[in-house]
Amino acid sequence: MEPFKPVKSIPTPLDKVNVDTDQIVPKQFLKLVQKTGFGKHLFFDWRYDKNEKPRSDFILNNPQYRGSKILLTRENFGCGSSREHAAWALLDYGFRVIISSSFADIFYNNCFKNGILPIKLERKDVDEFFQTDSEIEVNLEEQTIKTKSHTIHFDIENHRKKSLLNGYDDISLALQHEKKILEHERNSKYSSL
Amino acid sequence: MPKTLFEKIWDSHLVNKQDERSLLYIDRHLIHEVTSPQAFDGLRTNERKVRRPDLTIATMDHNVPTTNRSLPIVDEMSATQMQVLEKNCKDFGIQLFDLHSPNQGIVHVIGPELGLTLPGSTIVCGDSHTSTHGAFGALAFGIGTSDVEHVLATQCLWMDKLKTFEIRVEGKRKNPHTITAKDIILYIIRKIGTGGGVGSVIEYRGETITELTIEQRMTICNMSIEGGARAGLVAPDEKTFQYLQGRRFVPNNYDQCVDDWRENLKSDPGASFDKTITIKAEEIAPQVSWGTNPAMTTDVTDIVPFPSDYARGNPDEEKAAERSLEYMALKSGTPITGITLDRVFIGSCTNSRLEDLIEASRVVKGKKVSSKVRALVVPGSQLVKRQAEKLGLDVIFKDANFEWRESGCSMCLGMNPDILAPGERCASTSNRNFEGRQGFGGRTHLMSPVMAAAAAIAGHIVDVREVDLN
Ligand code: SF4
């Protein structure tokens, strides 16, 4: 995985609560067997009309936000199914950062596995970003979001920060514990079928 | 120090710790066609093996057709996904219950049936409703595809420790045939909200939970994820041990295991939970969802709410409710029982087991589905289907003009041909009523199997308590 670098962009404001993974990438696109190419299906049912023409009233189709790398949204983003296709679609579309007041667990985890940084902020800070329409800069190393006028600090679990900044591979890390894994297997009641 | 059931299972599966993270051992890994292909790709790219193919079990459920299985699969992409799974299982030596296996079925239905789900074990699957297996006192949760790859390669997962959430359901339901496990869990989600359980494992306790059958406990644990929780748990008891006895994959020294489980697998008296709530069973009526998330649910005797009443001062929720009503084409103030239907779906990993079908068949017996409704029963597995047919349930349903199908996820998520047309309204025993979940533009009302069965007959939502049960 590529190490995470600072991101500077206008945030795309998606003003909805409880955005579920069925909306992020509808099921008709889950039949692909690769990880790439999901960006064009992102928010498909909201983004396109019946004839697959872009709907002018959906925020992603607003030219102002073209090329935006930051998605700004509301609480419980990514609820619903465990499909990692949701994270793949966001990444493939170009989002590297998602800001919200809360995320669903599995989705939150899936983001990190794909080099996306989900940032949890206080509701009032999220509100404030919804009011502004200018570029912001996200710096993971410093754990800051800088706007024109000020800087906001965000929290993140240390190991997640380290992993994202270095582009670590979790599997390799786990395999370093081989001896302990074997030891566990030797003592386990559930170790065979 | 007294420990909760969750803490006991967690501690006994902890392999190591590093950077505040825990490396947790996974005892059983269930896989299916939709969330596994990219994981196997990852293994191949990195030249890695499956560490424990013997602890990995595969089935096909999400996009399998539920019509005649001797016919070729029409949807090419679905067919490809199934072929890819077959090849992956062959290449890596994993046991697969494919489309034609007598054990095929929804992954969360066949796990317990086969005795793969064991008390005190850890179970994962690339599917959020893995929480179902918690009904046996197993720590079971859904994972994304990267984690599927991780478990295939290492049989472990890196985890942050979850919080504990105790939900007590106390007292007696007025009538367990009409106030079902589905009503209990929908009522709980309505109370805690879709984000109420985020970051936690729910342990369901109390008199009402103890009285439930194992299949009913599965319905409850299944929808833990709809309340935002990663997993649900019920401490195992004699019913659990009896249910599993003699099943195909239970350990050879089963009796010895049971002794150990009986002794250890419960929260110690005085163990503390991060959060606790109590629900009174007497307060629960049959539940029906009116909106586009499972917390947008109310009593069948109620009306479609006004967004401001539903939101109780939260402007985001109010906006969401307005949008939901627009999508659902419902007017505030309409009685729930007045809502007319086009389709009825009885199935999904929430409500497609034998007891669900027995209960629904009692409502249906000797009656006919409304001429305006197309109704579908999709058993959760081939085993459920065979058992139901032995009891003659298929005949009861077919006589009433229900379609009787082969097992799979079917209209729960509409990845196969079983979908709603835009604008169609469906009474469904599944677990999600998100926009487009059952088909683009489709409108879903979640409810119990008996409520869905009664609605199919009436052609609109009815209070099953007022229906004559055979
Ligand atoms: S029945 Fe529905 S919820 Fe259950 S595993 Fe299948 S798609 Fe998921």
Side-chain angles (χ1 to χ4, degrees), chain A residues 15-18 20-23 26-28 30-35 45-46 50 74-76 79-88 102-107 109-110 113-114 157-160 162-163 169-178 180-181 183-185 188-193, chain B residues 13 15-16 18-21 23 25 27-28 34-35 37-38 41 46 48 54-55 63 77-78 80-81 84 116 118 120-121 126-128 142-147 149-150 153-156 158 160 194-195 198-199 228 230 249 251 257 260 293 316-317 320 413-415 432 434-437 440:
Chain A
D15 196 357
K16 286 178 190 281
V17 287
N18 293 322
D20 59 79
T21 53
D22 278 86
Q23 298 316 322
K27 69 208 142 239
Q28 60 268 38
L30 303 187
K31 291 180 183 168
L32 301 173
V33 291
Q34 327 81 29
K35 286 188 186 182
D45 290 349
W46 287 340
K50 278 204 288 288
R74 297 286 188 187
E75 77 184 49
N76 203 23
C79 61
S81 107
S82 64
R83 63 184 73 154
E84 200 159 313
H85 311 69
W88 300 333
S102 69
F103 296 90
D105 290 335
I106 306 178
F107 175 80
N109 200 38
N110 285 344
K113 305 274 171 176
N114 291 282
E157 299 87 342
N158 243 326
H159 66 83
R160 293 196 190 274
K162 217 165 112 182
S163 190
D169 168 27
D170 272 344
I171 296 181
S172 309
L173 288 179
L175 290 172
Q176 291 168 12
H177 298 267
E178 175 66 19
K180 287 274 190 181
I181 300 175
E183 194 181 305
H184 179 91
E185 283 176 333
S188 166
K189 288 192 275 296
Y190 305 99
S191 199
S192 65
L193 281 188
Chain B
H13 287 80
V15 170
N16 216 345
Q18 188 177 357
D19 289 342
E20 328 136 45
R21 282 199 300 179
L23 191 63
Y25 195 82
D27 297 315
R28 302 288 180 267
V34 176
T35 57
Q38 294 87 350
D41 268 0
N46 296 294
R48 287 176 175 137
D54 56 325
L55 301 182
N63 57 25
M77 286 166 93
S78 294
T80 305
Q81 263 187 348
V84 168
L116 288 164
L118 297 176
S121 66
D127 184 283
S128 59
I143 54 178
T145 298
S146 296
D147 279 345
E149 181 180 338
H150 195 288
T154 68
Q155 203 59 30
C156 294
W158 290 109
D160 289 318
T194 52
V198 167
R230 195 74 190 273
F249 290 114
C257 291
D260 176 53
N293 77 50
D316 298 337
E317 287 291 351
L413 91 164
M415 272 187 81
R432 286 186 177 142
F434 297 148
E435 285 183 27
R437 171 78 178 179
F440 178 72

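All chains are named by letter (A, B, ...) in the order of the sequence lines, taking the proteins before the strands, and each is independently numbered beginning at 1.
- A:Ser163 OG to B:Arg21 CZ: the interatomic distance, rounded to the nearest 0.5 Å, is 5.5 Å.
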Which is it for B:Asp147 and A:Asn109 under the side-chain contact (heavy atoms from CB on, under 4.5 Å) test, yes or no, and what are the steps along the way?
CA-CA 9 Å; B:Asp147 279 345; A:Asn109 200 38; 3.0 Å; yes
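- Top candidate by heavy-atom pairs under 4.5 Å with chain B, chosen from A:Lys162, A:Lys16, A:Glu183, is A:Lys162.
- Proximity to chain B involves both the backbone and the side chain of A:Val33, based on heavy atoms less than 4.5 angstrom apart.
- When heavy atoms are compared at a cutoff of 4.5 Å, A:Phe107 does not approach chain B at all.
- Using a 4.5 Å cut-off between heavy atoms, B:Val15 contacts chain A through both its backbone and its side chain.
- In this structure, B:Asn16 CG and A:Ile181 CD1 are separated by 9.0 Å, a value rounded to the nearest 0.5 Å.
- Of all the heavy atoms in B:Leu55 and A:Ser191, the pair that sits closest is CD2-O, 3.9 Å.
- Side chain of B:Gln18 to backbone of A:His159: no donor-acceptor contact under 3.5 angstrom is found.
- Looking at A:Lys35, the atoms closer than 4.5 Å to chain B (heavy atoms on both sides) sit in the backbone and in the side chain alike.
- Ring pair A:His184/B:His13 is tilted by interplanar angle, where 30° to 60° counts as tilted.
- For the atom pair CD (B:Glu149) and CD1 (A:Ile171), the distance works out to 4.0 Å, reported to the nearest 0.5 Å.
- Both the backbone and the side chain of B:Asp316 come within contact range of chain A, with heavy atoms under 4.5 Å apart.
- With rounding to the nearest 0.5 angstrom, the OG1 atom of B:Thr194 is 7.5 Å from the CD atom of A:Glu75.
- Looking at A:Ser81, both its backbone and its side chain come within 4.5 Å of chain B, counting heavy atoms on both sides.
- With chain B as partner, the option from A:Cys79, A:Gly80, A:Pro26 having the largest number of non-hydrogen pairs under 4.5 angstrom is A:Gly80.
- Closest approach of B:Trp158 to A:Asp170, counting heavy atoms only: NE1-O, 3.2 Å.
- The part of B:Leu23 that comes within reach of chain A is its side chain, from C-beta onward, which places non-hydrogen atoms under 4.5 angstrom from that chain.
- No donor-acceptor distance shorter than 3.5 angstrom exists from the side chain of A:Asp105 to the backbone of B:Val198, with no hydrogens or angles considered.
- Between the side chains of A:Trp88 and B:Gln38, no donor N or O sits under 3.5 Å from an acceptor N or O.
- Minimum heavy-atom separation, A:Ser82 to B:Ser128: OG-N, 3.6 Å.
- The candidate with the highest count of non-hydrogen atom pairs below 4.5 Å against chain A, out of B:Gly414, B:Ala153, B:Pro251, is B:Gly414.
- Between the side chain of B:Arg28 and the backbone N or O of A:Tyr190 there is at least one donor-acceptor pair closer than 3.5 Å.
- For the set A:Lys113, A:Lys180, A:His85, A:Lys27, the count of heavy-atom pairs under 4.5 angstrom toward chain B peaks at A:Lys27.
- Among B:Asp41, B:Asn46, B:Asp19, the residue making the largest number of heavy-atom pairs under 4.5 Å with chain A is B:Asp19.
- Between B:Arg230 and A:Ile106 the shortest side-chain heavy-atom distance falls below 4.5 Å.
- With respect to the salt-bridge test (charged N to carboxylate O, under 4.0 angstrom), the residues B:Asp260 and A:Lys189 qualify.
- A 4.5 Å side-chain heavy-atom check between A:Ser172 and B:Arg48 finds at least one atom pair inside the cut-off.
- Interface residue B:Asp160: only side-chain heavy atoms are found under 4.5 Å from chain A.
- When B:Gly228, B:Cys156, B:Ser146 are compared by the number of non-hydrogen pairs under 4.5 Å with chain A, B:Ser146 comes out ahead.
- By the 4.5 Å heavy-atom criterion applied to side chains, A:Asn158 and B:Glu20 are counted as neighbours.
- In this structure, the side chain of B:Gln81 engages the main chain of A:Leu30 through a donor-acceptor pair within 3.5 Å.
- Both the backbone and the side chain of A:Asp15 come within contact range of chain B, each with at least one heavy atom under 4.5 Å from a heavy atom of that chain.
- In terms of non-hydrogen atom pairs under 4.5 Å with chain B, the most contact-rich of A:Asn114, A:Leu175, A:Asn18 is A:Asn18.
- Of the inter-residue distances, the one linking A:Leu193 atom CG with B:Asp27 atom CG reads 10.0 Å to the nearest 0.5 angstrom.
- Taking chain B as the reference chain and counting heavy-atom pairs below 4.5 Å, the highest number among A:Glu178, A:Glu157, A:His177 is found for A:His177.
- For A:Lys31 (side chain) and B:Thr80 (main-chain N/O), no donor-acceptor pair under 3.5 Å exists by modelled atom type.
- A salt bridge is absent between A:Asp20 and B:Arg437; no separation between the charged side-chain nitrogens and carboxylate oxygens falls under 4.0 Å.
- Rounded to the nearest 0.5 angstrom, A:Gln28 CD and B:Met77 CE are separated by 10.0 Å.
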